[in-house]
Colleague: 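Here it is, the structure in full.
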Amino acid sequence: MGRQRITTIAGVLGVVLLLAGSYIGLFVAPPERHMGDVARILYVHVPCAWNSLLCYTFAFGFAIASLATRRPRWDQLMTGAVEVGVVLNVLLLLQGMLFARPTWGIWWTWGDVRLVFSFLMFLLFAGVLALRAFVDDPARRGTWTAIATVAAFVDVPLVYYCVRWWRSLHQMQSTPETMDAAMVLPMRINAFGVLFLAWWLIAARAELERRRQAFDEVAEPAAVVVAGRA
Amino acid sequence: MRVAPEGVIIGGWSFVVAAYGVTAVVLVGYAWSLRSRLNRTQQRMQARERDHG
């Protein structure tokens, strides 16, 4: 089975799982004891947060591989992982605000480390994409983006562990032991749904980057000839 | 949305619907943008192949 076919299957599976998990989360899972129905937001918020961190972790690995081997494939995958990570990062921030308003009474606070580090993570990786868009030379673009990705990744473990190091508004991570089984199920299904969907989106974004690089490579010799004649 | 005396949040479905709605719009929108960018790149490559034989 070809790589593209496996990726397409992953995408379809992701959509199906996400729809099933959301249905269970919205209509089958019981309301939470204190937060009531508002806790249903967590069935999409937590999977998006997990997978955003995972995408950035993949991007970090691809960036290291790109710097070490200079193979375009790693650069293309890194671009895909960063961009999909940013999309999920935007989602986790928006969902988080929609959860914070009814439960904490505020949309946002700069006094919570998890919120601030999550927003910083978005800014850092959005900056990586902006850097990529501004550098014209393909070799420099790949190197600088990879270095920027490695630097931005410093914030990722901070986002994950900050709730254990500094206690403030955002609660610590829940575990299956601290949750009802009926609540773990939609969370897990959606987590795998977003994971498979992210896989599909990263592959599609990497393919876009591959086509762009192929286009630029063919365009470049012509530019050199024109420059030589001039 | 209101809070019962025991500290239980009652209602809040508008926030739940907004969260799921935003999720759907952003994911579908991003997938759509990827698809259109891929198609555009493909068209540019085909146009150049036509122009240069």
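As a basis for the values below, the full set of heavy atoms in this structure was taken, side chains included, without hydrogen atoms, waters or symmetry mates.
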Colleague: Between A:Val44, A:Val194, A:Asp37, which residue shows the highest count of heavy-atom pairs closer than 4.5 Å to chain B?
Modeller: A:Asp37
Colleague: Mind listing the closest non-hydrogen atom pair of B:Ala19 and A:Gln95 along with its distance?
Modeller: O-CG, 4.3 Å
Colleague: For a quick test of reading the model, state the closest non-hydrogen atom pair linking A:Arg211 to B:Thr41 and the distance between them.
Modeller: CB-CG2, 3.6 Å
Colleague: Shortest non-hydrogen contact from B:Leu38 to A:Glu207?
Modeller: CD2-CG, 3.9 Å
Colleague: To the closest 0.5 Å, what do you measure between OH (B:Tyr30) and CD (A:Glu83)?
Modeller: 3.5 Å
Colleague: Let me confirm one number: the CG-CZ distance from A:Leu208 to B:Arg35, rounded to the nearest 0.5 Å.
Modeller: 14.0 Å
Colleague: Less than 4.5 Å apart, side chain to side chain, heavy atoms only: is that true for B:Leu27 and A:Leu18?
Modeller: yes
Colleague: Non-hydrogen atoms of chain B under 4.5 Å away: do they reach the side chain of A:Leu201, the backbone, both or neither?
Modeller: both
Colleague: How many angstroms lie between OG1 in B:Thr23 and OH in A:Tyr43, if you round to the nearest 0.5 Å?
Modeller: 15.0 Å
Colleague: Check whether A:Val90 gets within reach of chain B through its side chain, its backbone, both or neither, counting any heavy atom under 4.5 Å.
Modeller: neither
Colleague: Roughly how far apart are B:Arg37 CZ and A:Arg212 CZ, rounded to 0.5 Å?
Modeller: 6.0 Å
Colleague: Considering only heavy atoms and a distance below 4.5 Å, find which of A:Ser22, A:Gly25, A:Gly36 pairs most often with chain B.
Modeller: A:Ser22
Colleague: Taking all non-hydrogen atoms of both residues into account, name the closest pair between B:Met45 and A:Ala214 and its distance.
Modeller: CE-CB, 4.0 Å
Colleague: Considering non-hydrogen atoms only, spot the tightest contact between B:Tyr20 and A:Arg40 and give its length.
Modeller: OH-O, 2.8 Å
Colleague: Does NZ or CZ of A:Arg101 come closer than 6.0 Å to the centre of the six-membered ring of B:Phe15, within 45° of the ring's axis?
Modeller: no
Colleague: Which pair of heavy atoms, one from B:Ile9 and one from A:Pro102, lies closest together, and at what distance?
Modeller: CD1-O, 3.4 Å
